[in-house]
Amino acid sequence: MGAIGKIELVVPATAIDANGHVNNVHYVHWMQEAAMAHSAELGWPQERYAALGRTWIIRSHTIEYRHSAYAGETITVFTWVSALEKIRSLRKFKFYRAADDTVLAIAATLFIFCDLQTGRPLPIPKEVQAVYAVVNANDEP
């Protein structure tokens with residue numbers, strides 16, 4: 001279990017938009033997949049949060065697109081926590097195409113830890129904080 005998670009995916013033809021490259025909405029979907037996979041890898045799948053009556057909600061996303069991606073390409077999505085505060089966590093992402101050593105996009109999501117029923121923010125429990133190593137800028141992939 002590492003501080004930096006990753007998923008690999010092959011861009012499906014269904015992700016391609018009228019401009020001939022991956023549509024922007026797919027990046028957000030892949031961010032969610034990578035975040036959930038990393039959390040599960042660290043022992044905190046969605047079901048474990050739900051059993052506590054807790055969840056992460058999204059406050060904001062930012063994405064900087066650098067290069068286009070196309071159908072059939074293999075992409076690696078790296079993800080890590082870059083800040084962990086009382087009720088919030090900043091998770092970063094890097095979309096990378098190894099075939100030509102290209103960073104396709106960099107992104108971040110600000111998560112707020114909340115009560116599952118009320119949606120009200122709550123402090124992040126110590127047992128959750130313990131599994132998320134904060135990755136500083138010098139150690140980012």
### Message
Between E140 and K92 (salt bridge meaning N to carboxylate O under 4.0 Å), is one present in this structure?
### Response
yes
### Message
Checking the side chain of N136 only, and the main-chain atoms of D139 only, is there a donor and an acceptor separated by less than 3.5 Å?
### Response
yes
### Query
Mind checking whether K94 and V103 have side chains closer than 4.5 Å, heavy atoms only?
yes
### Distance, nearest 0.5 Å, that separates CZ of F113 from CZ of R54
6.5 Å
### Query
Is the backbone of H29 close enough, under 3.5 Å, to the side chain of Q32 for a donor and an acceptor to pair up by distance?
no
### Message
According to a hydrophobic-cluster definition based on side-chain heavy atoms being under 4.5 Å apart (Ile, Leu, Val, Met, Phe, Trp, Tyr only), do L84 and V128 belong together?
### Response
yes
### Message
Show every salt bridge (charged side-chain N to carboxylate O under 4.0 Å, His left out) that has at least one partner inside residues 9-32, sequence neighbours left out.
### Response
none
### Query
If only atom types and distance count, is the side chain of H38 paired as donor or acceptor with the main-chain N or O of G2 below 3.5 Å?
yes
### Query
Does one side chain, of T79 or R91, offer a donor that lies under 3.5 Å from an acceptor on the other?
yes
### Query
Should H67 and T102 be marked as a side chain to side chain donor-acceptor pair (under 3.5 Å) after you check the CA-CA gap, both sets of side-chain angles, and the distance that decides it?
CA-CA 8 Å; H67 295 279; T102 299; 5.6 Å; no
### Task
Report yes or no: do I57 and L116 belong to one cluster of Ile/Leu/Val/Met/Phe/Trp/Tyr joined by side chain heavy-atom distances under 4.5 Å?
no
### Task
Examine distances only and state if a side-chain atom of R120 and a backbone atom of C114 form a donor-acceptor pair shorter than 3.5 Å.
no
### Message
Other members of the hydrophobic cluster containing L104, with the 4.5 Å side-chain heavy-atom rule, please.
### Response
I7, L9, V11, I16, V22, Y27, V28, W30, M31, I63, Y65, I75, V77, F93, F95
### Message
Hydrophobic cluster membership, with links at side-chain heavy-atom distances under 4.5 Å among I/L/V/M/F/W/Y: are I58 and V81 in one?
### Response
yes
### Query
Under the side chain to side chain contact (heavy atoms under 4.5 Å, CB included) criterion, do S89 and Y132 qualify, and how do the steps go?
CA-CA 10 Å; S89 172; Y132 291 105; over 6 Å; no
### Message
Nearest 0.5 angstrom please: L90 CG to S60 OG, how far?
### Response
8.0 Å
## Note on the structure
Rounded to the nearest 0.5 angstrom, the NE2-CD distance for H26 and E33 is 11.0 Å
#### Entry: Non-hydrogen atoms of G43 and R48 that approach each other most closely
O-NH1, 2.7 Å
### Message
Does atom CZ (R59) have a neighbourhood of more than 12 heavy atoms from anything else shown, all under 6.0 Å?
### Response
no
### Query
Given W44 and Y49, is the side chain to side chain donor-acceptor pair (under 3.5 Å) satisfied, shown in steps?
CA-CA 7 Å; W44 283 93; Y49 288 114; 5.4 Å; no
### Query
Shared ILVMFWY cluster between L52 and L122, side chains joined below 4.5 angstrom?
yes
### Message
I'd like to know if F111 and V134 are part of one continuous hydrophobic network [Ile/Leu/Val/Met/Phe/Trp/Tyr, side-chain heavy atoms within less than 4.5 Å].
### Response
yes
### Query
Can K6 be said to sit on top of F78's aromatic six-ring, NZ or CZ under 6.0 Å from centre and within 45° of the ring axis?
no
### Query
Between the side chain of Q129 and the main-chain N/O of I124, is any donor-acceptor distance below 3.5 Å?
yes
